[in-house]
Amino acid sequence: GTPHHGVAIPLQNNELAVSFVAKEGDALPTGVKVVNDKGEEQNVITEACTDLHGAAYVDNTLAFGCIGSVVLYDVATKETKQIALKDEAGRVSTLKFADDSDYLLANYSVNKAPATEVGIINRNTGELTYVTIPAAYKSALYATTDKGYVLAEDGYLYEIDFKTATISTKIHAFNAFDLATEAPAIFEANDALYVTMPSYQKVYEVHGNHTHEVAKFDFIPTSFIVK
């Protein structure tokens, strides 16, 4: 079938923020609009989010990743901000957040090259700051209230301070690995941070500047649901 990606985010008053394809034949959406429970359009958030991929909903802020920009939308005021990326070919396709944070953590890559930077977005001001990661990473990102975490191919878990936009520490979690064959994950449960590498078939808890094995599987885990 036709390639498709999209978002549908429940809002208040039985409304939804839904993506749409502006031009027939496009593989990915370029716009987002608000519809009511009958599917009727209430207002358009944006029609200029090229290849929309990745979304976040924090407090009253909606965020969408695009090629060349990130779109922020204030649900209360219905104001849209379009934040330009530093390279018009740059792309944000993953947005991580904590419910009580003023910041969003975004991946950042250009022309499908390996990602070596992340973006920190202040959702209140719209300010976007970049942080260089010493090694390439793929999709292993996580955000808490004031810190972000990135697991890179050199095996280090990098902790990023959102307020200073710097790497505050790094933890040697794994041996170096190949981004083409591994899909590591970072998640949080019971106020503790965990990292995993599917081929290891293990889960590690982060303690200070080191990791401790807490679980081993007899199969290769591909995803985790935390309750």
Side-chain angles (χ1 to χ4, degrees), residues 1-85 90-108 118-129 139-149 162-163 185-189 191 223-227:
T2 302
H4 63 90
H5 291 69
V7 295
I9 302 173
L11 306 176
Q12 297 177 351
N13 303 319
N14 295 320
E15 293 182 330
L16 285 173
V18 296
S19 56
F20 63 92
V21 177
K23 292 192 301 182
E24 185 177 352
D26 285 349
L28 293 174
T30 55
V32 185
K33 60 186 176 181
V34 176
V35 299
N36 63 18
D37 56 359
K38 297 179 181 179
E40 298 168 337
E41 182 181 305
Q42 304 301 294
N43 62 287
V44 174
I45 295 173
T46 181
E47 293 182 296
C49 182
T50 304
D51 285 4
L52 186 156
H53 194 287
Y57 186 14
V58 193
D59 195 11
N60 276 324
T61 302
L62 285 171
F64 303 96
C66 326
I67 291 179
S69 69
V70 172
V71 172
L72 298 183
Y73 176 72
D74 189 308
V75 175
T77 65
K78 298 184 179 180
E79 178 187 2
T80 298
K81 294 180 182 177
Q82 188 127 8
I83 307 168
L85 302 179
R91 182 177 188 180
V92 166
S93 58
T94 299
L95 292 158
K96 298 292 185 178
F97 62 94
D99 289 336
D100 57 350
S101 180
D102 292 331
Y103 299 95
L104 300 168
L105 178 65
N107 68 340
Y108 177 76
V118 294
I120 300 171
I121 302 166
N122 185 314
R123 64 183 181 85
N124 297 315
T125 65
E127 180 182 7
L128 170 59
T129 308
S139 57
L141 296 91
Y142 192 83
T144 63
T145 302
D146 53 5
K147 289 180 171 54
Y149 296 87
F162 287 153
K163 291 183 179 179
I186 308 170
F187 59 98
E188 188 177 23
D191 297 321
S223 63
F224 290 88
I225 298 175
V226 181
K227 293 185 178 181

Is there a side-chain contact between Asp102 and Arg123 in this structure, where contact means two heavy atoms from C-beta onward sitting under 4.5 Å apart? yes
Which heavy atom of Leu52 sits nearest a heavy atom of Ser19, and at what distance? CD1-CB, 4.4 Å
Please test Tyr73 against Lys78 for side-chain contact (heavy atoms from CB on, under 4.5 Å), starting from the C-alpha separation and ending with a verdict. CA-CA 7 Å; Tyr73 176 72; Lys78 298 184 179 180; 3.3 Å; yes
Apply side-chain contact (heavy atoms from CB on, under 4.5 Å) to Asn60 and list each qualifying residue two or more places apart in sequence or on a separate chain. Asp74, Val75, Ala76
Quickly, which of Leu104, Leu62, Thr46, Thr80 forms a side chain to side chain contact (heavy atoms under 4.5 Å, CB included) with Leu72? Name it, please. Leu104
Output all residues satisfying side-chain contact (heavy atoms from CB on, under 4.5 Å) with Asp37, sequence neighbours left out; order by chain, then residue number. Asn14
Run Asn107 and Ser93 through side-chain hydrogen bond (donor to acceptor under 3.5 Å, both in side chains) and show every step you take. CA-CA 7 Å; Asn107 68 340; Ser93 58; 3.0 Å; yes
Residue pairs passing the disulfide (SG to SG under 2.5 Å) test with at least one member in residues 7-54, sequence neighbours excluded, are Cys49-Cys66
Identify the two heavy atoms, one from Thr50 and one from Thr30, that lie closest to each other, and give their separation to 0.1 Å. CA-CG2, 4.1 Å
Can you tell me if CD on Glu41 sees more than 12 non-hydrogen neighbours from other groups inside 6.0 Å? yes
Are side-chain heavy atoms of Thr61 and Phe97 found at a separation under 4.5 Å? no
Sub-3.5 Å donor-acceptor pair from the side chain of Asn13 to the main-chain atoms of Glu15, do we have one? no
For Lys96, does the NZ atom have more than 12 heavy-atom neighbours from other residues, nucleotides or ligands under 6.0 Å away? no
Please step through side-chain contact (heavy atoms from CB on, under 4.5 Å) for the pair Val18 and Lys33, ending with a clear verdict. CA-CA 6 Å; Val18 296; Lys33 60 186 176 181; 4.0 Å; yes
Check for a donor-acceptor pair, side chain of Ser101 on one end and backbone N or O of Thr145 on the other, with a separation under 3.5 Å. yes
Looking at side-chain heavy atoms only, is the closest gap between Thr129 and Phe162 below 4.5 Å? no
Can you give me the closest heavy-atom contact between Asn36 and Gln42, atom names plus distance? ND2-NE2, 3.2 Å
Would you say Tyr149 and Leu105 make side-chain contact, with heavy atoms under 4.5 Å? no
Name the one of Ile120, Ile83, Asn122 that satisfies side chain to side chain contact (heavy atoms under 4.5 Å, CB included) with Leu128? Ile83
Ile9/Phe64 under side-chain contact (heavy atoms from CB on, under 4.5 Å): CA gap, chis, key distance, verdict: CA-CA 11 Å; Ile9 302 173; Phe64 303 96; 4.1 Å; yes
Nearest 0.5 Å please: distance from the OH atom of Tyr103 over to the CD atom of Glu127. 8.0 Å
Determine the minimum heavy-atom distance between Pro29 and Gly6, stating which atoms define it. CG-CA, 4.2 Å
Show the nearest heavy-atom pair for residues Ala106 and Val92, with the distance to one decimal. CB-CG1, 3.8 Å
Quick one: closest heavy-atom pair of Ala98 and Ala143, and the distance? CB-O, 4.0 Å
Does the pair Leu95 and Ile121 meet the rule for a side-chain contact (heavy atoms from CB on, under 4.5 Å), with working shown? CA-CA 10 Å; Leu95 292 158; Ile121 302 166; 4.1 Å; yes
Taking atom CD of Glu40 as the centre, does the number of heavy atoms from other residues, nucleotides or ligands within less than 6.0 Å exceed 12? yes
